[in-house]
Peer 1: 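Sharing a structure here in structure tokens format.
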Amino acid sequence: MAQKDAASSSKLWGGRFAEDPDPQMRALNDSIRFDRRLYYQDITASMAYARALARAGVIQSDEADQLERGLTAVLAEFEGGLFAVAEGDEDIHTAVERRLSELVGDIAGKLHTGRSRNDQVATDLRLWLREAFATIAALVVDLQRTLIGQAEANLETIMPGYTHLQPAQPITAAHWLMSFFWMLQRDHERLAAFGHRGNLSPLGSSALAGIPYPLDRAALAADMGFDGVTRNSLDAVSDRDSVAEFLFAASLLGVHLSRLAEDVILYSNPAFGFIELPDAYSTGSSLMPQKRNADPMELARGKTGRVIGHLTGLLTTLKGLPSGYNKDLQEDKEPLFDTYDTLTTLLPVVAGMVRTMQLVPDRMRAALQPAMLATELADWLVMAKGVPFRQAHHLVGEVVRVAEEHGVSLEALSLDLYHSVSSHFDSSVYGVLDFDAAVARRTASGGTSPVAVAAQIEQARKLLPEA
Ligand code: ARG
């Protein structure tokens, strides 16, 4: 068992301990390895806290100045890559305070007055999350713009639309691309809303019970750019809702990216041939010279699994916690940072893929099958002949069966055979069987016609911030 040495007496919580912590327990307990990433938030929040202590008369204003100067120097060490983590630095909070005391002496000990690492880490995280929400939202907007760009270039491009991955009805490629715009628009709005909701300051909650000093929490919060203060100190020190909301917003965003990725993977398969993958965003095989793979899209799909895992992990960590801070909460940071890093790496690559992939209109058109116009025939029976839709649906079903029996497509089926199903059919059915006309008819808002999609794009543009 290690004897307590001189250095450990300066430890933040060393007073009541006679012996040093076991090295293996420290390897488990210490978080400096990953939470040093919060240095900027930790130091700037400490500067604001020093100013608040001075305003409350808890410390002198020249003491606050000294603390702030010292903290500025510590910050510069981090920014310059010069900060040296010392033996005994447990986490970012203890590391900063240890270095501050080396620089400004005993007065550093006044900074922690009334403060606990519990409200400190909650504050640091919220400050960090504020930026994180905004950064991811901005990357989502970049991808949205890219989708609009490809959609505008393909307003008139017609492709098969699928349900159950079976050919369903013709749609425009712009319509397909814009469907992802709207998924991402919800993500972008969700990120903004969650970022806003979490922008409250826990500082002044102390360990759990609040602070006995006359600290103006609202002024302190405003100093840090928060919109207000948390309402209950016991809740505030263990509230990780913002982390969970970030991971949820990230997971759902991931789900959308993954679905886009799946379409690109499928449509770039030569059996479809709708998309040609760009060199810059595809890879080859070390064995098969002909191969071109959509690896970044497979990674979008794969990494989404990992992000959803982080959300599940955090919720599982939170669900059984008793009131107040518990060390389990230290497990919030690695999934949070990993999710952020995953998305900041992934989103620009997905945008690059969308921007540079080549759609192949000829292959899309070649994949259209006349049977995809069966609904048009039913609609024609309704509109031109006044047949109730249910009956029209049934009659066209019979037509499809007869065409299959004779091994011909709907447009090649003779008028006699149409008549064998119903006398409602006349030669104008052949005019109905037209892919472009089928698409062009769907002009109602939200529909696939070039006119409706152009209107959709117009609306979409208005939702994005100025470029
Ligand atoms: N490193 C800790 C965390 O990330 C900081 C809070 C520690 N608080 C405590 N009472 N031990 O959660």
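Read the numbers this way: they start at 1 and go in the same order the structure lists the ligands and their atoms.
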Peer 1: Do NZ/NE/NH1/NH2 and the carboxylate oxygens of Arg306 and Asp338 come within less than 4.0 Å?
Peer 2: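 Looking at Asp338 together with Arg306, the answer is yes, because their closest N to O distance falls below 4.0 Å.
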Peer 1: Does NZ or CZ of Arg145 come closer than 6.0 Å to the centre of the six-membered ring of Phe181, within 45° of the ring's axis?
Peer 2: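 No, Arg145 does not sit over the ring of Phe181.
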Peer 1: Donor-acceptor pair, Ser116 side chain versus Asn118 backbone, under 3.5 Å?
Peer 2: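 Side chain of Ser116 to backbone of Asn118: a pair is present.
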Peer 1: Please collect all ring pair (Phe, Tyr, Trp, His ring centres under 6.0 Å) contacts where either partner lies in residues 313-360, sequence neighbours excluded, each pair once.
Peer 2: Trp128-Phe337, Trp128-Tyr340
Peer 1: Using the test side-chain hydrogen bond (donor to acceptor under 3.5 Å, both in side chains), find all partners of Arg442 that sit at least two apart in sequence or belong to another chain.
Peer 2: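 So Arg442 forms a side-chain hydrogen bond (donor to acceptor under 3.5 Å, both in side chains) with Glu376.
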Peer 1: Among pairs that include at least one residue of residues 195-212, which meet salt bridge (Lys or Arg N to Asp or Glu O under 4.0 Å), considering only residues two or more places apart or in two chains?
Peer 2: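 As it turns out, the salt bridge (Lys or Arg N to Asp or Glu O under 4.0 Å) pairs with a partner in residues 195-212, which skip direct neighbours, are Arg197-Glu245.
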Peer 1: When you look for protein heavy atoms under 4.0 Å from ligand 1, which residues do they belong to?
Peer 2: Ser31, Asp35, Asp91, His93, Arg117, Asn118, Val121, Tyr325, Gln330, Lys333
